[in-house]
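Each remark here refers to the structure printed beneath this line.
The sequence lines fix the lettering, A, B, ..., with proteins before strands; numbering per chain opens at 1.
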Amino acid sequence: MAKIQTPQAVRGTQDIFGEDQERFQHVVETFERVRRLYGFKGVQMPVFEPTAVFARSLGETTDVVSKEMYSFEDRGGDSLTLRPEFTAGISRAYLTNGWQQHVPLKLSTHGPLFRYERPQKGRYRQFHQLDAEIIGVSEAAADVELLCFADQLLKELGISDGVTLQLNTLGDAESRDAWRDALVEHFQAHKADLSKDSQDRLERNPLRILDSKERQDRPIADSAPDIDAYLSTEAKEFFTQVTEGLDACGVSWTRNSRLVRGLDYYRHTAFEFVTDRLGAQGTVLAGGRYDGLIESLGGPVTPAVGWAAGIERLGMLLADVPAKPMELAILPMGETASAKALAVASELRGSQFSAEIFGSGKFKKRMARANQVGALAAIIIGEDEMASGKVQFKNLATGEQTELDVAAVIEKMWDLRFSEDLDSFDADLTDLEQEVAQLGEAD
RNA sequence: GCGAUCGUAGCUCAGUUGGUUAGAGCGCCGGUUUGUGGUACCGGAGGUCGGGGGUUCGAGACCCCUCGGUCGCCCCA
């Protein structure tokens, strides 16, 4: 029989395992913990939606819709699309489930998204995001709360160093249109000097010329008018409330008047947390206010703000994530002991201790393995122990070994776990004391 | 979609102007040690040199195509 060629993984997909998985998991767990602190409810969304959900909300002409979506016909002939982002699906759910009754609605979710793009580091065809949205609040307080959440998340992940929050306002619809006209006029006057890409953008998406990376565009983009002169009184007031709110919460930010969004439904606040540590994929978390989106899906005018963050990108910025060590390693000797090992393992696990059986291979090897997984102790079960009903309990830190029954093992483990916690508490305390001492010296 | 660059063992990489049986370190398995973590020493497995075609007496190396990674552009988290 001819041997078949093993199929390859689909381009731009990843098999996340080992250290990468630890990083991924750590990002998600931190997000889940912090979002509760802010009272965001979790929500699970379908991975695919009718194509219209994204086509309408993102706009038919955007790159995402026109060339990056995974769209297909199902067996019933309906056009479906693997979600390229969360916001549109959440807005659809808000309308189809009548979630208006829960307003103000604070939602968070995370999961895979799909875009047909050229893969690079930190950029995949199936990628994963964290997402947070506040629907139904038109006040700037929602924008501030969302940004505080984002800021705290990055701090708790330990990656806020070198990441800056860039902030801008796009004003309300009226301000935005006035500014847009002024920009088009400005760029039209310099059209001949713009790059070819930007000349295209002038037709399609003039705001985007502002953040062009093309060298020849920079002088023209830099000399373009800021929105400030075109902001209505209300829009100006809104932005002031956002920035004052951030200052009050101790969230640092910088104004980037060139930061824009291409889509029409974006209003007021636009922001990006940016790092220079990821090359071209510098944006780590981004979002803004999208008061016009739900209306574009056929719903009532509904204010909303949200952000999304790339899990892979956050994971890459993380310092080493220590793997959670296994607490107990069980080493049975021989057939009957193997059966006994399973029983002992379930008893230990039932008492909330993590335990793994290393049942095959050389004993010496298994002992080394126990050490490698970071076990606090090894439990050895052999002929002698089977007879006595006890096990050998070896503390792997001290090398001390005693014969105990399982109940005594559990007791001993509580002590061990407690003293571990105490040690790490002491370490934290020492760190704190040092910080305080340093602060004292600084004064 | 455009441009550039790279692809040799599980991983990180050597491999001379084209020349015999393609190497090293780490990791893995085994032995010295039949029920105890480390070190050392010894041994072993593991490669259709990403894939296909071409040039040549001879290709891991040169040419073409293709797949994939990476870096820019576009777009975006």
Side-chain angles (χ1 to χ4, degrees), chain A residues 3 5-14 17-19 27 58 61-69 84-87 110 112-132 150 195-198 200-201 204-205 208 211-215 217 261-263 271-275 278-288 306-317 329 331-334 337 358 360-375 377-385 392-401:
Chain A
K3 200 175 171 190
Q5 180 87 39
T6 304
Q8 287 188 311
V10 174
R11 182 170 205 196
T13 62
Q14 321 167 74
F17 175 73
E19 199 198 316
V27 170
L58 297 176
T61 58
T62 58
D63 278 13
V64 171
V65 171
S66 61
K67 42 193 191 200
E68 294 178 1
M69 293 205 308
E85 58 136 35
F86 279 118
T87 309
H110 62 88
L113 286 328
F114 306 84
R115 277 181 213 170
Y116 189 88
E117 292 185 282
R118 190 80 180 267
Q120 286 178 35
K121 199 189 209 76
R123 174 170 170 173
Y124 308 96
R125 289 184 173 179
Q126 177 178 336
F127 59 106
H128 301 80
Q129 283 187 352
L130 311 173
D131 185 83
S195 66
K196 200 181 163 304
D197 279 343
S198 286
D200 287 348
R201 279 188 275 238
R204 221 162 20 95
N205 203 346
R208 276 277 159 206
D211 56 4
S212 167
K213 287 178 193 164
E214 208 68 52
R215 206 189 191 131
D217 293 339
R261 293 279 114 95
L263 308 177
F271 56 87
E272 292 183 12
F273 286 82
V274 180
T275 177
L278 291 176
Q281 279 66 245
T283 301
V284 122
L285 184 154
W307 54 251
I311 297 178
E312 289 89 345
R313 291 185 189 177
L314 292 172
M316 286 189 288
L317 291 172
L331 315 195
M333 312 288 309
F358 297 104
S360 60
K362 291 203 335 174
F363 190 76
K364 193 178 173 124
K365 204 81 209 169
R366 287 147 61 187
M367 201 67 182
R369 189 70 78 186
N371 211 40
Q372 202 185 326
V373 298
I379 288 173
I380 299 151
I381 308 174
E383 297 302 321
D384 301 347
E385 291 78 20
Q392 292 293 324
F393 178 85
K394 178 165 184 165
N395 181 325
L396 287 172
T398 64
E400 173 197 9
Q401 186 167 325

Quick one: which protein N/O atoms are closer than 3.5 Å to N/O atoms of nucleotides 25-31 of chain B? Pair and distance per line, please.
{"from": "B:C29", "atom 1": "OP2", "to": "A:Lys365", "atom 2": "NZ", "distance (Å)": "3.0"}
{"from": "B:G31", "atom 1": "OP2", "to": "A:Lys362", "atom 2": "NZ", "distance (Å)": "2.8"}

In whole angstrom, give the distance that lies between atom [atom1] of [X] and atom [atom2] of [N].
| X | N | atom1 | atom2 | answer |
| --- | --- | --- | --- | --- |
| A:Glu400 | B:U36 | CD | C1' | 15 Å |
| A:Arg208 | B:C75 | CZ | P | 7 Å |
| A:Gln129 | B:A77 | CD | P | 7 Å |
| A:Met367 | B:U36 | CE | C1' | 5 Å |
| A:Asn371 | B:U36 | CG | C1' | 11 Å |

Distance between [atom1] atoms of [N] and [M] (Å, rounded):
| N | M | atom1 | value |
| --- | --- | --- | --- |
| B:U66 | B:G30 | P | 46 Å |
| B:G44 | B:G23 | P | 13 Å |
| B:C62 | B:U56 | C1' | 10 Å |
| B:C73 | B:C13 | C1' | 31 Å |
| B:U33 | B:C42 | C1' | 14 Å |
| B:G35 | B:A22 | C1' | 43 Å |

Side-chain-base donor-acceptor pair under 3.5 Å for A:Gln392 and B:U36: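 Side chain to base: no pair present.
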Ring pair (Phe, Tyr, Trp, His ring centres under 6.0 Å) involving A:His110 - partner list, sequence neighbours excluded: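 Per chain and number, A:His110 pairs via ring pair (Phe, Tyr, Trp, His ring centres under 6.0 Å) with no residue.
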Which residues share a ring pair (Phe, Tyr, Trp, His ring centres under 6.0 Å) with A:Phe363, sequence neighbours left out: none
Quick one: closest heavy-atom pair of [X] and [Y], and the distance?
| X | Y | value |
| --- | --- | --- |
| A:Ser195 | A:Glu214 | CB-CG, 3.3 Å |
| A:Leu331 | A:Arg366 | C-NH2, 3.7 Å |
| A:Phe358 | A:Ala370 | CE1-CA, 4.1 Å |
| A:Thr87 | A:Asp131 | OG1-OD1, 4.3 Å |
| A:Ser212 | A:Arg201 | OG-NH2, 3.6 Å |

B:G37 phosphate, OP1 or OP2, under 4.0 Å from A:Lys364 side-chain N/O: yes
Under 4.0 Å protein heavy-atom contacts per nucleotide of nucleotides 6-11 of chain B, with B for base, S for backbone only and - for none: ------
Nucleotide-resolved protein contact map, nucleotides 69-74 of chain B, B/S/- at heavy-atom distance under 4.0 Å: SSSBBB
Taking any heavy-atom pair under 4.0 Å as a contact, classify [X]: base, sugar-phosphate, or nothing.
| X | result |
| --- | --- |
| A:Asp200 | nothing |
| A:Leu130 | nothing |
| A:Gln401 | base |

List the residues meeting salt bridge (charged side-chain N to carboxylate O under 4.0 Å, His left out) with [X], not counting sequence neighbours, and say none if there are none.
| X | result |
| --- | --- |
| A:Asp197 | none |
| A:Arg208 | A:Asp211 |
| A:Glu68 | none |
| A:Glu85 | none |

Pairing residues for A:Ala377 by the side-chain contact (heavy atoms from CB on, under 4.5 Å) criterion, not counting sequence neighbours: A:Leu328, A:Phe393, A:Met413
With A:Arg123 via side-chain contact (heavy atoms from CB on, under 4.5 Å) - residues at least two apart: A:Glu117, A:Gln120, A:Gln281, A:Arg313
Check against salt bridge (Lys or Arg N to Asp or Glu O under 4.0 Å), A:Glu272 and A:Arg261: CA-CA 11 Å; A:Glu272 292 183 12; A:Arg261 293 279 114 95; 2.7 Å; yes
Residue pair A:Val27 / A:His128, side-chain heavy-atom distance below 4.5 Å: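 Heavy-atom side-chain distance check fails, nothing below 4.5 Å.
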Nearest-nucleotide 5' precedence on RNA chain B, A:Tyr116 against A:Met333: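 Closer to the 5' end of RNA chain B: A:Tyr116.
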Stems formed with participation of RNA chain B [Watson-Crick or G-U wobble, under 3.5 Å, three or more pairs]: B:1-7 with B:67-73, B:10-13 with B:23-26, B:28-32 with B:40-44, B:50-54 with B:62-66
